[in-house]
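Encoded as structure tokens, the structure appears first; notes follow it.
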2 protein chains.
Amino acid sequence: MTEKQGPTVQSVERAIAILKAFSVEEPELGVGELSRRLNLPKSTVFRLLSTLEAGGLVAQNPKTGQYRLGVDLIGLANNVIAYADVRRVARPHLRRLADALGETVSLSILDGRDAVNLEQFVPPRRLVMRVGWVGRRMPVHTVSVGKALIAFLPEEELSRLLDGSLEALTPHTITDPQVLRDELVRVRERGYATAFEELEEGLHAISAPLYNHEGEIVAAISVSGPAYRLTRERIEEIAPQVVQTAHQISKEMGYRDGP
Amino acid sequence: MTEKQGPTVQSVERAIAILKAFSVEEPELGVGELSRRLNLPKSTVFRLLSTLEAGGLVAQNPKTGQYRLGVDLIGLANNVIAYADVRRVARPHLRRLADALGETVSLSILDGRDAVNLEQFVPPRRLVMRVGWVGRRMPVHTVSVGKALIAFLPEEELSRLLDGSLEALTPHTITDPQVLRDELVRVRERGYATAFEELEEGLHAISAPLYNHEGEIVAAISVSGPAYRLTRERIEEIAPQVVQTAHQISKEMGYRDGP
DNA sequence: GCACATCGTTCCACGACTCGGCACGACCAA
DNA sequence: TTGGTCGTGCCGAGTCGTGGAACGATGTGC
């Protein structure tokens with residue numbers, strides 16, 4: 001998200017907060033529940049919901065009276081052209097990688113100080129696991145894609161990103177900027193990044209960056225899964241495949257490496 | 001979109017109007033352009049954009065100063081669970097049908113008096129044509145999916161839908177409710193609907209409804225293309241394939257037809 | 001190089017619009 | 001039947017959003 005903070009409109013901020021309260025785990029919420037979650041009076045929530053409903057961004061379930069996100073959001077998301085090319089090019093590669101490895105494969109971009117998941121492929125036999133990660137924001141220092149995305153940034157941008165304290169999400173999260181910098185040196189050397197239980201306990205991941213035709217890093221792909229399955233040894237095993245997939249996607253976007 | 005109109009909040013309505021001003025054809029818009037489009041003062045537009053930007057729903061292109069839709073919309077769209085099952089089940093079938101026929105294939109649902117496209121598959125050699133239809137709303141009487149969706153509605157719901165005049169979008173649009181009703185009889189008889197230049201000049205389409213496990217119509221698929229290619233004869237040729245694909249999708253959703 | 005036009009952004013006085021408390025009828029469970 | 005909670009409606013208060021004017025930045029044409 002943007003760092004600069006211009007003037008804002010309170011009721012629009014509230015409306016956005018309502019939209020973001022819904023999730024894959026909790027797709028339907030009532031006026032009362034939203035009121036409690038967002039610490040707003042019910043009549044305020046009701047009026048905002050009514051406006052969002054008129055605009056097609058939420059819909060009321062006539063059977064339960066509760067609200068859910070509306071289909072017009074699908075149309076809006078489809079008009080998001082940012083990263084559309086890399087997403088379209090990457091999709092078949094990510095699907096194949098997910099099927100080959102039997103693990104969750106994602107595509108993420110850097111947005112402010114967060115890595116944001118734009119695509120996610122979960123193999124069929126793992127569908128009950130970790131859904132709803134598309135759109136999820138994760139602090140860059142806590143995930144392998146974040147490290148892959150920032151490792152090659154100019155020093156000035158990197159310093160700005162690492163300004164302030166690094167939040168610990170688990171006991172394993174890197175919170176010392178120097179330790180993170182050392183880690184980024186390794187990412188640059190190896191061409192891929194890893195994260196071992198730094199975002200969530202029991203979750204491991206490996207990522208590789210994607211380059212566009214100008215040699216800029218525009219996104220990163222990652223393979224993630226439970227630590228008991230995606231052991232450190234297993235991550236070493238699949239690293240070449242992840243890096244190669246990232247390379248293939250980059251080449252399809254016009255990236256040319258070497259002299 | 002909902003017919004009922006509750007109390008609304010003006011600034012949230014305006015913010016939604018800003019979001020909907022962006023399109024695949026015009027992915028970047030400036031403050032001044034939005035001001036003119038929406039007939040709002042620039043300072044009002046700027047403040048609303050600033051709020052949407054803080055919420056991640058728009059982003060400013062630092063190079064041009066113009067705005068575009070933000071990646072958080074992708075996350076919100078991913079949390080839209082309405083029709084998620086039918087979309088997931090239908091996707092591989094629609095992709096195959098698009099590849100087999102070499103025409104655009106879509107999935108649409110009924111929302112208020114509109115048919116709304118939720119999925120769209122365009123074969124590779126046709127990618128330069130008609131993009132950005134996901135999220136598009138079309139009056140039900142002007143498209144084949146609309147006819148497929150309303151043909152089997154109870155009389156009461158159908159009457160309510162056809163209340164008021166039917167807008168003519170082309171000289172071929174059906175505007176006489178009785179003529180439309182006769183057309184719907186044919187849809188029920190054949191099991192599929194057609195539209196010949198009723199939404200746009202030069203555009204033909206054929207659709208078939210999708211049923212859920214309770215035998216309710218939840219969506220419809222369509223094949224569409226230019227009239228010179230998708231002639232009336234060609235539509236007769238592919239009708240069995242469209243109906244069969246719809247049937248396969250319906251069965252995967254638990255639909256059981258016949259004794 | 002300068003003038004001009006247009007851009008996004010900022011400021012501020014003002015009142016329109018949003019707020020939130022309260023109450024309502026509907027619904028459900030005990 | 002009673003009590004609790006739900007979504008919804010109303011209305012007075014005043015906060016917040018509005019919009020006009022102006023600003024600096026940028027690009028263009030002469």
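Chain identifiers are assigned alphabetically (A, B, ...) following the order of the sequence lines, protein sequences preceding nucleic acid strands; residue numbering begins at 1 within each chain. From a predicted model like this one, the values you see are computed outputs, not experimental measurements.
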(message) Is it true that, when you exclude A/E156 itself, more than 12 heavy atoms of the residues, nucleotides or ligands shown sit nearer than 6.0 Å to its CD?
(response) no
(request) Could you label the plane-to-plane angle of the B/Y255 and B/Y211 rings as parallel, tilted or perpendicular, counting under 30° as parallel and over 60° as perpendicular? (result) parallel
(message) Expressed as a whole number of angstroms, how long is the span from A/L29:CG to D/dG7:P?
(response) 10 Å
(message) Measuring only between side-chain heavy atoms, which start at C-beta, is A/Y67 closer than 4.5 Å to A/N61?
(response) no
(request) Rounded to the nearest angstrom, tell me the gap between atom CD in A/Q60 and atom C1' in D/dC6. (result) 11 Å
(message) Would you say that B/V86 contacts B/M253 through its side chain, given a criterion of any heavy-atom pair below 4.5 Å between the two side chains?
(response) yes
(message) Using a 4.0 Å heavy-atom cut-off to protein, can you give one letter per nucleotide of nucleotides 17-23 of chain C, 5' to 3': B if the base is in contact, S if only the sugar-phosphate is, - if neither?
(response) SSBBB--
(request) Calculate the interatomic distance between B/I18 atom CD1 and C/dG8 atom P; express it in whole Å. (result) 12 Å
(request) May I ask you to evaluate whether A/Q66 reaches the phosphate of C/dC27, defined as a side-chain N or O under 4.0 Å from OP1 or OP2? (result) no
(request) Report, as yes or no, whether the 6.0 Å neighbourhood of atom CG on A/N39 holds more than 12 heavy atoms from other residues, nucleotides or ligands. (result) no
(request) Could you tell me whether the side chain of B/R181 reaches within less than 4.5 Å of the side chain of B/L162, counting heavy atoms only? (result) yes
(request) Could you tell me the separation between the CD atom of A/E33 and the P atom of D/dG4, rounded to a whole number of Å? (result) 20 Å
(message) Taking 4.0 Å as the cut-off, does a side-chain nitrogen or oxygen of B/Y67 come that near to OP1 or OP2 on C/dT9?
(response) yes
(request) Rounded off to whole Å, could you give me the CG-to-C1' distance for the B/L49 and C/dG8 pair? (result) 10 Å
(request) Rounded off to whole Å, could you give me the CG-to-C1' distance for the B/L38 and D/dG19 pair? (result) 15 Å
(message) Just the rounded figure in Å: distance from C1' of C/dC27 to CG of A/N61.
(response) 15 Å
(request) Can you tell me the distance, in whole Å, between the NZ atom of B/K63 and the P atom of D/dT26? (result) 16 Å
